[in-house]
Protein chains: 2
Amino acid sequence: MESIASILRNAGLKATPARLFVLRLLAETTKPLSHAEIEALARKEADAPPDRVTLYRVLEALTAAGLATKAVDRRGVARFSARDTHRRHERHVHFHCLGCGGVFCLTAPPPKPPRLPKGFRLEAAEFDVKGTCAQCAAKGKSGA
Amino acid sequence: MESIASILRNAGLKATPARLFVLRLLAETTKPLSHAEIEALARKEADAPPDRVTLYRVLEALTAAGLATKAVDRRGVARFSARDTHRRHERHVHFHCLGCGGVFCLTAPPPKPPRLPKGFRLEAAEFDVKGTCAQCAAKGKSGA
DNA sequence: TTTGCAAATGCAACATGATTGCATTTGCAA
DNA sequence: TTGCAAATGCAATCATGTTGCATTTGCAAA
């Protein structure tokens with residue numbers, strides 16, 4: 001298996017305590033976590049809880065390196081989850097939960113890009129499916 | 001025709017200057033506007049620019065009354081649009097030009113939303129197509 | 001037309017999430 | 001072991017949004 005530290009170094013990031021803690025936390029957690037939640041957990045569990053700002057920068061670095069994904073929930077709060085590197089290149093549609101910011105991979109194939117007016121050049125086509133995931137719907141976090 | 005004031009009163013809201021200004025602005029604008037953008041426009045155009053907080057409350061009231069739609073953009077900022085404007089664009093595929101930032105409505109029908117796992121609720125399925133528009137392509141201004 | 005009052009507004013203060021500047025510390029490769 | 005670019009801690013600042021409260025106002029009833 002690959003250690004958290006080597007995952008970081010393979011991505012070109014130094015393996016610092018704050019990064020190790022956050023990446024392990026994201027990998028162990030199914031739901032996307034906000035900065036505030038991560039900070040609270042760090043205060044409880046980490047040996048030397050990192051600074052608030054460091055956590056922001058760690059999350060930024062992990063996202064930039066492709067190890068985490070950032071999404072915004074209904075309240076406008078950024079939420080982060082570990083990125084599943086294995087399925088990165090498969091073609092599939094993502095479902096974005098507006099309640100928790102979670103991203104779920106659907107089995108449906110992506111739709112074909114439409115015809116464009118003359119002269120237009122296609123570069124990317126993204127099918128954005130949004131709604132409420134089962135867990136948030138059950139909690140009643142559904143309505144806006 | 002129905003005046004902005006009577007639209008407000010029919011929705012059970014008093015027709016105050018701030019509400020008239022905001023609702024008319026949203027109705028005239030295709031792109032969803034943030035609170036900051038609305039405030040800036042109000043400062044320039046309104047006779048007696050409403051307070052920051054009043055604008056927040058106006059937007060809240062319009063949304064609650066069903067006259068406006070609230071959505072959170074990628075940066076986590078709330079954006080508002082008149083409800084019928086929002087409806088008109090719901091069933092369109094949009095082309096985003098990476099060169100000039102322009103948005104074009106395509107004639108192609110949107111793809112059917114995919115099947116979701118049990119308990120998931122669909123709220124929106126948006127097909128966003130990105131590339132270079134004819135004008136930018138001619139100028140060689142390909143995106144980013 | 002006048003008037004009463006619930007609703008709307010303005011203002012100040014506060015809350016929360018996120019960013020920036022800078023001095024100090026540290027991971028890690030040479 | 002050591003040099004240094006990169007990462008961290010800390011303080012300050014910004015952006016977005018909310019709350020409490022005194023004052024004003026839309027509008028419907030008299």
Side-chain angles (χ1 to χ4, degrees), chain A residues 3-24 32-43 46-65 67-80 98 100-101 144, chain B residues 3-24 32-43 46-65 67-80:
Chain A
S3 73
I4 302 274
S6 59
I7 291 175
L8 282 168
R9 280 190 279 258
N10 286 343
L13 298 177
K14 289 184 183 176
T16 67
R19 289 173 177 174
L20 289 166
F21 178 84
V22 172
L23 186 53
R24 189 169 48 231
L33 299 172
S34 69
H35 171 275
E37 290 164 350
I38 293 170
E39 192 191 4
L41 286 167
R43 276 193 207 292
D47 299 332
D51 187 75
R52 237 168 65 77
V53 176
T54 298
L55 287 179
Y56 275 113
R57 293 197 268 229
V58 164
L59 291 167
E60 186 186 22
L62 294 179
T63 303
L67 297 177
T69 53
K70 174 181 181 175
V72 170
D73 69 13
R74 259 207 183 75
R75 286 193 5 243
V77 179
R79 294 187 163 270
F80 300 84
L98 298 171
C100 65
Chain B
S3 71
I4 302 273
S6 59
I7 291 176
L8 281 167
R9 280 189 280 259
N10 286 344
L13 298 176
K14 290 184 182 175
T16 67
R19 286 173 180 175
L20 289 166
F21 177 84
V22 172
L23 186 52
R24 189 169 46 234
L33 297 173
S34 68
H35 170 275
E37 289 164 349
I38 294 170
E39 192 191 3
L41 287 167
R43 276 195 207 290
D47 299 333
D51 187 75
R52 234 167 63 78
V53 177
T54 298
L55 286 180
Y56 274 114
R57 293 196 268 229
V58 164
L59 290 167
E60 186 185 23
L62 293 179
T63 304
L67 297 177
T69 314
K70 175 181 180 177
V72 172
D73 72 9
R74 264 184 290 276
R75 280 191 12 240
V77 180
R79 293 188 166 270
F80 300 85

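Chain letters run A, B, ... following the sequence lines, proteins first, then strands; residues in each count from 1.
What you find for Ser34(B) and Val77(B) is that their closest heavy atoms are CB-CG1, 3.9 Å. A pairwise comparison of heavy atoms in Phe21(B) and Ile38(B) identifies CE2-O, 4.4 Å as the closest pair. Counting all heavy atoms, side chain and backbone alike, Asp73(A) lies closest to Gly101(A) at CB-N, 4.2 Å. The two residues Val72(A) and Gly76(B) come nearest to each other via the heavy atoms CG1-CA, 3.6 Å. The shortest heavy-atom contact between Leu13(A) and Ala61(A) is CD1-O, 4.0 Å.
Rounded to a whole Å, the CD atom of Glu39(A) is 12 Å from the P atom of dC10(D). As a whole-Å value, the separation of Leu8(B) CG from dA7(C) P is 16 Å. In this structure, the CD1 atom of Ile38(A) is 13 Å from the C1' atom of dG17(C), given to the nearest Å. A straight line from CG of Leu20(A) to C1' of dT8(D) spans 14 Å, rounded to a whole angstrom. Atom pair Phe21(B):CZ and dA8(C):C1' shows a separation of 18 Å (rounding to whole Å applied). Distance, Asp51(B) CG to dA8(C) C1': 12 Å, rounded to whole Å.
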Side chain to side chain contact (heavy atoms under 4.5 Å, CB included) between Leu59(A) and Lys70(A), intermediate numbers included: CA-CA 8 Å; Leu59(A) 291 167; Lys70(A) 174 181 181 175; over 6 Å; no

Audit row: Leu62(B), Leu8(B), side chain to side chain contact (heavy atoms under 4.5 Å, CB included) steps and yes/no: CA-CA 9 Å; Leu62(B) 293 179; Leu8(B) 281 167; 3.7 Å; yes

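Taking NE2 from His35(B) and CD from Glu60(B), the interatomic distance works out to 11.5 Å, rounded to the nearest 0.5 Å.
Checking side-chain atoms of Arg52(B) against main-chain N and O of Glu39(B) turns up no donor-acceptor pair under 3.5 Å.
Direction of the helix axis in the helix from dT1(C)-dA30(D) to dA30(C)-dT1(D) shifts by 30° between the two five-pair termini, rounded to 10°.
Within 4.0 Å of Ala18(B), counting heavy atoms only, lie sugar-phosphate atoms of the nucleic acid but no base atom.
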Contact pattern, 5' to 3', of nucleotides 17-30 of chain D - B, S or - by protein heavy atom under 4.0 Å: BBBB-----BS---

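The listed nucleotides are dA8(C), dC10(D), dT8(D); the one nearest the side chain of Arg19(B) is dA8(C).
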